[in-house]
Amino acid sequence: MPQASPNPSREGRRRGILIKKTIITPEKARSTYIIDFERQEYRFMNSVLKGTGYVLVHTPDMVIHNGTTQTTERIVNPDSDYLKQLKAHLRPYERVLAYYPNQTYIGNVTPAELAQVDGPWQDLESPVNDRYGAFGEIMPQDEFYLLVQAVDEFELVYLDRDFVAKTKEKLAQDPIVTEFILKRIHEGVDQAKLKQLIEDEGAEGLYMNDVIVGAVRRAHDIDTNLSAHVMIENLVSKASSALALLYAVKNADINPDDIEYTIDCSEEACGDMNQRGGGNFAKATAEIAELSRSTGSDVRGFCAAPAHAVMVAASLVKAGTFKAVAVTAGGSTAKLGMNGKDHVKKGLPILEDCLGGFAVVITEDDGINPVINIDNVGWHAVGTGSSPQNVIASLVTVPLEKAGLKVTDVDYYSPEMQNPDITKPAGAGDVPLANMKMIGALAVKQGDLERSELNGFVERHGLPGFAPTQGHIPSGVPYLGHARESMLKGEVNRVMIVGKGSLFLGRMTNLFDGVSFLVEKNDGPKAAEAAVSSEEIRQIIAESLRDFAQGLLESR
């Protein structure tokens with residue numbers, strides 16, 4: 001049997017790829033030829049963060065009627081003091097606009113500026129209280145109901161005629177709302193029709209100040225997967241996702257037709273009794289955003305899903321499969337008022353009164369925008385274990401060591417960006433701070449940091465939590481918009497996005513989950529030009545095969 005020669009007969013470097021060719025001719029008349037292509041020091045086209053979109057939707061009535069803490073309480077204890085006190089703890093839209101974390105989420109206040117304001121923030125008033133921000137907006141509930149109907153393809157959403165007439169003009173003033181969306185809004189029906197849908201057909205009501213202004217009916221008479229409850233959850237997720245996606249496309253300054261693939265990473269699932277989570281939110285949302293050339297699919301992973309999705313999107317671009325990929329996720333009605341009992345008990349407002357949405361656009365390297373570095377990702381493996389030390393090590397210190405970096409070489413870490421105003425009264429503490437302390441402790445353990453420097457490290461490299469507790473929304477990705485802006489200004493060089501999630505909720509496994517990746521300042525046009533495109537790869541391989549064929553002829 002012929003043995004491969006240890007020394008290649010010919011090797012050549014072309015734009016960073018090492019091609020080795022070994023030709024072996026045994027003594028037998030028929031010759032055997034082997035060619036071995038070995039990738040070495042090869043640099044694919046980088047993927048960059050081209051634009052981001054972040055939106056909030058103030059939905060006080062949906063807190064009451066759709067948040068699972070409240071719907072469960074009405075079943076288990078309908079006369080509870082909590083339900084009686086709930087309305088008095090709901091914030092008006094103006095207070096939501098003036099809330100520091102909300103203004104940080106949409107890009108009007110930077111995390112560094114937020115860190116300078118001592119919390120709790122719920123009783124403070126941000127000097128910036130605009131509806132629109134650098135990344136998106138805070139939409140009021142009435143306009144959002146119209147958007148929910150606009151994304152409905154199966155005539156499931158009915159709105160009051162007078163409500164539509166009063167609200168549609170307001171929605172039309174929103175600069176991100178397209179004529180395509182406005183044309184999808186129906187004139188509306190009378191109150192008798194809404195009452196009939198709710199009382200006789202099991203539809204779920206849409207309310208403004210506890211007055212019925214709409215209804216969402218079931219999509220099937222007996223299929224619980226298409227019940228009114230599920231349909232309102234899914235349509236709300238789709239609508240808020242579409243809003244965020246519109247902003248990401250706008251902020252990326254990209255032609256919608258250039259986006260070739262869309263990934264949804266929300267926490268909802270759409271399908272019927274034969275395939276409960278069949279999907280496809282991504283393509284449905286791309287349709288509303290008029291991404292006419294995009295296909296897509298859904299990525300699910302509980303809270304870690306957005307980090308998974310961004311990693312997949314960056315990989316698709318870097319591999320040359322698609323030139324531009326969008327990642328998007330809408331909000332979750334179930335999470336509204338999730339910690340409401342603890343907040344009301346402590347005399348606080350209901351702070352989980354907003355749906356959250358986010359979207360990013362990832363494209364080939366343009367020499368300007370931040371690079372999503374997927375060469376050294378971190379991941380929580382099946383065998384990693386669930387101890388906090390093992391989890392953080394797998395997501396932070398292991399990938400950094402592989403990249404030849406110290407923990408202190410990362411300017412900022414964005415692990416779980418939950419707002420401490422929400423989590424601390426509920427007994428969960430300051431989640432971002434707890435994560436940073438663990439990262440700092442591991443840095444001390446492996447010698448990247450002196451023990452005396454631990455507190456300073458947490459303060460210099462950590463971020464205050466500012467994201468709504470919408471499950472998947474806080475998990476690492478809220479900082480991407482601010483990171484991009486800071487890198488474009490030359491203020492930040494490298495950040496790490498860490499997505500974490502618990503999988504036990506699906507009752508399929510008790511395993512933990514998580515992935516992480518670095519985002520780095522772009523080195524400029526020269527770096528982009530130095531990367532090898534997929535077309536150049538094909539040319540390199542073609543040339544090598546031609547050389548190989550010529551070698552075969554010459555050896556005869």
Side-chain angles (χ1 to χ4, degrees), residues 49-59 96-97 99-114 126 128-140 144 147 174-177 236-254 263-267 285 289 303 305-307 309-310 313 326-332 335 352-362 369-370 412 414 416-419 432 463-488 495 497 499 519:
L49 184 61
K50 184 78 169 177
T52 64
Y54 293 89
V55 300
L56 296 171
V57 184
H58 179 229
T59 51
V96 171
L97 290 179
Y99 187 48
Y100 269 104
N102 291 350
Q103 289 295 326
T104 305
Y105 189 77
I106 65 170
N108 285 334
V109 175
T110 68
E113 291 169 340
L114 179 64
S126 169
V128 182
N129 57 2
D130 297 336
R131 167 175 174 168
Y132 300 101
F135 308 145
E137 67 169 285
I138 305 173
M139 180 175 274
F144 182 66
L147 186 59
D174 190 325
I176 204 67
V177 174
V236 162
S237 181
K238 179 182 175 182
S240 49
S241 177
L243 185 63
L245 182 55
L246 286 166
Y247 273 105
V249 173
K250 171 183 174 290
N251 294 337
D253 193 23
I254 190 173
I263 300 174
D264 178 274
C265 54
S266 63
E267 288 195 331
T285 304
C303 297
V310 172
V327 174
T328 186
S332 173
K335 303 293 197 306
E352 295 161 307
D353 54 1
C354 288
L355 299 164
F358 98 97
V360 298
V361 173
I362 298 168
N369 283 286
Y412 290 105
S414 179
E416 299 166 287
M417 300 308 295
Q418 281 94 339
N419 176 357
L463 298 163
F466 57 85
T469 49
Q470 283 275 284
H472 55 298
I473 296 296
S475 197
V477 295
Y479 183 57
L480 283 173
H482 288 288
R484 176 176 177 268
E485 292 294 311
S486 296
M487 288 182 187
L488 291 176
V495 304
I497 305 299
V519 182

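Side chains are part of it too, since the values below use all heavy atoms of this structure and drop only hydrogens, waters and symmetry mates.
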Item checked: Ring centroid separation F144 to H58 under 6.0 Å -> no

Check: Is the shortest heavy-atom distance from the side chain of L355 to the side chain of L56 under 4.5 Å?
Finding: no

Checklist line | Contacts of type salt bridge (Lys or Arg N to Asp or Glu O under 4.0 Å), residue E267, not counting sequence neighbours | finding: K335

Item checked: Any F135 side-chain heavy atom under 4.5 Å of H482 side chain -> yes

Notebook entry, point to check: Are L463 and P432 close enough that some pair of their side-chain heavy atoms sits under 4.5 Å apart?
Noted result: no

Notebook entry, point to check: Can you name the nearest heavy-atom pair linking G465 to L114, along with the distance?
Noted result: O-CD2, 4.3 Å

Next item on the list: Keeping the roles fixed (side chain from H472, backbone from G331), state whether a donor-acceptor pair exists under 3.5 Å.
Entry: no

Item checked: Student check: side-chain heavy atoms of V55 and M139 closer than 4.5 Å -> no

Check: Taking all non-hydrogen atoms of both residues, which atom of P468 and which atom of G356 are closest, and how far apart?
Finding: CG-CA, 4.4 Å

Margin query: If you apply the rule side-chain contact (heavy atoms from CB on, under 4.5 Å), what do you find for L243 with E137, and how did you get there?
Written below: CA-CA 9 Å; L243 185 63; E137 67 169 285; 3.9 Å; yes

Next item on the list: Take L97 and N102, measure what side-chain contact (heavy atoms from CB on, under 4.5 Å) needs, and give me the verdict at the end.
Entry: CA-CA 7 Å; L97 290 179; N102 291 350; over 6 Å; no

Checklist line | Which atom of V519 lies closest to which atom of M487, heavy atoms considered | finding: O-CE, 3.0 Å

Checklist line | Step-by-step side-chain contact (heavy atoms from CB on, under 4.5 Å) determination, C354 to V96 | finding: CA-CA 9 Å; C354 288; V96 171; 3.6 Å; yes

Notebook entry, point to check: Which atom pair, heavy atoms only, marks the closest approach of V361 to A252?
Noted result: CB-CB, 4.0 Å

Next item on the list: Would you please say whether a donor-acceptor pair under 3.5 Å links the side chains of Y100 and N108?
Entry: no

Note to self: One pair to check against side-chain contact (heavy atoms from CB on, under 4.5 Å): T469 and N419. What are the steps and the verdict?
What the structure shows: CA-CA 7 Å; T469 49; N419 176 357; 5.9 Å; no

Checklist line | Least distance between heavy atoms, G53 atom then Y247 atom | finding: CA-CB, 4.0 Å

Check: Closest approach of S237 and S240, non-hydrogen atoms and distance?
Finding: O-OG, 3.2 Å

Note to self: Can you pull out every salt bridge (charged side-chain N to carboxylate O under 4.0 Å, His left out) where at least one residue sits in residues 475-484? Sequence neighbours excluded, please.
What the structure shows: none

Check: Do V360 and V310 come close enough that some side-chain heavy atom pair is under 4.5 Å?
Finding: yes

Margin query: With rounding to the nearest 0.5 angstrom, report the OH to OG1 distance, Y479 to T52.
Written below: 12.0 Å

Notebook entry, point to check: Are any of the side-chain heavy atoms of V327 and P306 separated by less than 4.5 Å?
Noted result: no

Margin query: side chain to side chain donor-acceptor pair (under 3.5 Å), that's the test. Do S332 and Q470 meet it? Break it down for me.
Written below: CA-CA 6 Å; S332 173; Q470 283 275 284; 5.3 Å; no

Notebook entry, point to check: Salt bridge between D264 and K238, side-chain N to carboxylate O under 4.0 Å?
Noted result: no

Margin query: Run the ring pair (Phe, Tyr, Trp, His ring centres under 6.0 Å) test against Y105 and tell me which residues pass, sequence neighbours left out.
Written below: Y54

Notebook entry, point to check: Checking S475 side chain against C303 main chain: does a donor-acceptor pair fall under 3.5 Å?
Noted result: yes

Checklist line | Donor-acceptor contact present, side-chain S486 to main-chain A483, <3.5 Å | finding: no

Notebook entry, point to check: Do D353 and T59 have side-chain heavy atoms sitting under 4.5 Å apart?
Noted result: no

Item checked: S241 versus T328, side-chain donor and acceptor atoms under 3.5 Å -> yes

Item checked: Heavy-atom donor-acceptor pair, S126 side chain to N129 backbone, under 3.5 Å -> no

Check: Are any non-hydrogen side-chain atoms of I106 and Y132 less than 4.5 angstrom apart?
Finding: no

